[in-house]
Amino acid sequence: FNWLFARKMNGKLVLRIEDTDTERLKEDSVTQILTSLKWLGLNWDEGPEVGGAVGPYYQSERREIYTEYVNKLVEAGKAYYCFCTTEELEKQRELQRAAKQPFRYARSCREISYEEAKKRVAAGEHYSVRLKIPVEGSVKVDDLIHGEVSFSMDQFDDFVIMKSNGMPTYNFAVVVDDHLMGITHVLRAEEHLSNTPKQLLVYEALNWHPPKFGHMSMILAPDRSKLSKRHGATSVEEFREQGYVAEAIINYLTLLGWGPGDEREIFDLTETIKLFELDQMSKKAAIYDTKKLTWMNGQYLSSLPLERILPETKEFFLKAGLVTEEWLQENEVFFAQLVDVVRVRVKTLQEIADASEYFFNMPTVYDEKGVAKYFKQESLPLLEQCVVALREDTVFDLASTEAVYNKIATENDISLGKLVHPTRLALTGRTVSPGLFDVMVLLGKENTLQRLESAVDFIKMN
RNA sequence: GGCGCUAUGGUCAAGCGGCUAAGACGUCGCCCUCUCAAGGCGAAAUCGAGGGUUCGAUUCCCUCUAGCGCUACCA
């Protein structure tokens, strides 16, 4: 939605990596975010890899900046050093919890004089820095999506803005960065709505004008809990590996928080940019439904230009061990035809590979039910007729194979199905596949005949 | 415990005082068809509860309930 909004307004999308939590930091996760965004087609105008005038774009590289502003606040008497230890604070909280009191910091260090605090810092005592917030009043958040939301001051702490390890806290760092980076609009998940008043207090202390905020509804796991690895959270990377295409994922995700207002379900990014309006955003948390995503993926698989999905489809064939790089190079046309025939009846790229397996391997076993139903002794002469007729067919394309079958059906005064079903089973080993004549043409005359004859033998022996 | 946000079918979601309460996915039937899909047609299924306001509430107000979020030296 940030991407959409930036494009809609002809603005710039700035990507910033918020990595101030040294304990949770993993190198992997950042590359994964960047890779996923790129794969989805969500490009950014400033940020990692592309640079920009107001970098660095990793918070971990901006420590001096935060320190500078923290010091300014302390000197101005708007923030103060706190020497309370984590244990002490935890104990306080426990007591409040037991007494069913609101959990508030007791402001033990708020009244320590600047001089004394300085001395203790110089003496090497551990400290964090807290914002000295007003004791009374209220803070109003003017939200782009929720409207005006008011918070009473008495529910806020003198919260920490710099941790004892010298790193800023989230609520402080975002303010400094958003201001310095010239951010005008902040769109983020609803979990931050209650954080916004705190950030507003920081803007006030720093004498800065806040940007506009919009808080979007969250996406929940199927059991309504917050999305997490344990609860059905699937990374973009995983969807990709399962054979979903970026267009479908984007389209589906868009639909989870916004709609064009009419009955359309499928639309591409160009259309979405044109139609997108912030005030049409849903305020309700949504649960994502893989079934609909899968359906949508199937729609895109059929309608996307063939060349668009070919490269990605190749990966799935390679991974399944159906083909090799060399084979793909030598059989480019065949491969394209194959994918084109199969893609309309499956829903993921993985399924294209799955449903193509028999084009590469002669079936060694036939579907059991199919055998009982279609490989009867009475089909034997029919199949043999087909073999003879096909051998004489010099053209062997879609029209000619179909003509051959129609002719035999008419001559024997039977329905086409009586020929088609056993043939399909003979060629693919299954009772399910793309159109039979497509299959025959793709297999080629030699393969087709070979498989038919082998099925004839099978029926004779049973 | 405090505060905030949200509340229409199983899921997503139109609706913004008067409608037989759209549409999509899914489910179930039927049609088409060489199978499976796709496509076409149709069905079942919804306004969380209670109070107001009003001639009239899904729609406005209040309370409750539920879900989620914040309440961290996480973001």
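First the proteins, then the strands, lettered A, B, ... as listed; each starts at 1. Model, not experiment: these values are computed from the prediction.
- Map R424(A) and H192(A) each onto its nearest nucleotide of RNA chain B; the residue landing nearer the 5' end is R424(A).
- T294(A) and Y244(A) share a side-chain donor-acceptor pair at under 3.5 Å.
- What separates CG of L220(A) from P of rA7(B) is a distance of 14 Å, to the nearest Å.
- The same atom, C1', is picked in rA24(B) and in rA13(B); the two are 8 Å apart, to the nearest Å.
- The CG-P distance, from D154(A) to rC70(B), rounds to 20 Å in whole Å.
- Contact between F267(A) and Y300(A) at its shortest, heavy atoms only, is O-OH, 3.3 Å.
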Return all side-chain donor-acceptor pairs below 3.5 angstrom for residues 359-376 of chain A, not counting sequence neighbours, or 'none' if the list is empty.
unit_1, atom_1, unit_2, atom_2, d
N361(A), ND2, E357(A), OE2, 2.9
D367(A), OD2, G370(A), N, 2.9
K376(A), NZ, K373(A), O, 3.4

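- You'll find that the side chain of V420(A) is closest to rC34(B), out of rU6(B), rC73(B), rC34(B).
- Listed candidates were rG4(B), rC73(B), rA75(B). Nearest to the side chain of V149(A) is rG4(B).
- rC60(B) and rU27(B) have their C1' atoms separated by 37 Å, given to the nearest Å.
- For rG23(B), the paired base is rC12(B) (Watson-Crick or G-U wobble, both distances below 3.5 Å).
- Contact between P48(A) and Y58(A) at its shortest, heavy atoms only, is CB-OH, 3.6 Å.
- For rU46(B) and rA38(B), the P atoms lie 26 Å apart once the distance is rounded to whole Å.
- Taking side-chain N and O atoms only, R93(A) has a distance below 4.0 Å to OP1 or OP2 of rA72(B).
- A search for side chain to side chain donor-acceptor pair (under 3.5 Å) contacts involving Y105(A) returns nothing, not counting sequence neighbours.
- Within the nucleic acid shown, C84(A) comes within 4.0 Å of at least one base atom, counting heavy atoms only.
- Heavy atoms of R430(A) sit nowhere under 4.0 angstrom from any nucleic acid atom.
- Of the nucleotides present, rG18(B) is the one that pairs with rC55(B) by Watson-Crick or G-U wobble criteria, both distances under 3.5 Å.
- Summarising the geometry, the separation between CD on Q155(A) and C1' on rG69(B) is reported as 13 Å, rounded to the nearest angstrom.
- For E247(A), the salt bridge (Lys or Arg N to Asp or Glu O under 4.0 Å) partners at least two apart in sequence or on another chain are R308(A).
- Salt-bridge annotation for E265(A) and K292(A): present, with a side-chain N of the basic residue lying under 4.0 Å from a carboxylate O of the acidic one.
- Between the CD atom of Q96(A) and the C1' atom of rG1(B) there is a distance of 10 Å, rounded to whole Å.
- Taking only side-chain nitrogens and oxygens, R104(A) never comes nearer than 4.0 Å to OP1 or OP2 of rG2(B).
- The pairing partner recorded for rC3(B) is rG69(B), the criterion being a Watson-Crick or G-U wobble arrangement whose two distances lie under 3.5 angstrom.
- Relative to the side chain of T169(A), the nucleotides rC73(B), rG1(B), rG69(B) differ in distance, and rC73(B) lies closest.
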Name the pairs: protein N/O against N/O of nucleotides 36-39 of chain B, kept only if under 3.5 Å.
unit_1, atom_1, unit_2, atom_2, d
rC36(B), O2, R345(A), NH1, 2.7
rC36(B), N3, R345(A), NH1, 2.2
rA37(B), O2', R345(A), O, 3.3

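- Comment: E90(A) engages R93(A) in a salt bridge, judged by a side-chain N to carboxylate O separation of less than 4.0 angstrom.
- Here, rC28(B) and rG10(B) have their C1' atoms 14 Å apart, quoted to the whole Å.
- Under the Watson-Crick and G-U wobble criteria, each requiring two contacts below 3.5 Å, nucleotide rG39(B) is paired to rC31(B).
- rU63(B) and rA43(B) are spaced 39 Å apart, taking the C1' atom of each and rounding to whole Å.
- The 5' end of RNA chain B is approached more closely, in terms of each residue's nearest nucleotide, by G417(A) than by the other of G417(A) and E18(A).
- Look at NZ on K198(A): it is 11 Å from C1' on rC3(B), rounded to the nearest Å.
- A distance of about 35 Å separates the C1' atoms of rG4(B) and rC19(B), rounded to the whole Å.
- Ring pair F276(A)/F1(A) is parallel by interplanar angle, where below 30° counts as parallel and above 60° as perpendicular.
- Within the 4.0 angstrom heavy-atom criterion, base atoms lie near N195(A).
- As rounded to the nearest Å, rU71(B) and rU59(B) have C1' atoms that lie 34 Å from one another.
- F437(A) comes within contact range of at least one nucleobase, with a heavy-atom separation under 4.0 Å.
- Within a 6.0 Å radius of CD in E204(A), other residues, nucleotides and ligands contribute 12 heavy atoms or fewer.
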Restricting to nitrogen or oxygen on both sides, can you table the protein-nucleotides 8-14 of chain B pairs closer than 3.5 Å?
unit_1, atom_1, unit_2, atom_2, d
rU8(B), OP2, K284(A), NZ, 2.7
rU11(B), O2', I287(A), O, 3.2
rC12(B), OP1, I287(A), N, 3.1
rC12(B), O2', L255(A), O, 3.3
rA13(B), OP1, L256(A), O, 3.3
rA13(B), OP1, S282(A), OG, 3.2

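- For rC34(B), neither phosphate oxygen OP1 nor OP2 lies less than 4.0 angstrom from any side-chain nitrogen or oxygen of T423(A).
- Side-chain atoms of L193(A) lie closest to rG4(B) of the nucleotides rG4(B), rU6(B), rG1(B).
- Across the P atoms, rA45(B) and rG52(B) are found 30 Å apart, a figure rounded to whole Å.
- Minimum atom distance to the side chain of K100(A) is reached by rG1(B), of the listed rG1(B), rU71(B), rC3(B).
- When all heavy atoms of M153(A) and P134(A) are compared, the closest pair comes out as CG-O, 3.0 Å.
- Under the rule for a side chain to side chain donor-acceptor pair (under 3.5 Å), the partners of E191(A) that lie at least two apart in sequence or sit in another chain are K226(A).
- Regarding contacts with the backbone of rC74(B), a side-chain N or O of K163(A) is found under 4.0 angstrom from either OP1 or OP2.
- Rounded to whole Å, atom P of rU71(B) lies 13 Å from atom CD of E90(A).
- A salt bridge links D178(A) with R16(A): the closest approach of a Lys/Arg side-chain nitrogen to an acidic carboxylate oxygen falls below 4.0 angstrom.
- Note: CG (L201(A)) to P (rC70(B)) measures 18 Å, nearest angstrom.
- The separation between F103(A) atom CZ and rG4(B) atom C1' is 16 Å, rounded to whole Å.
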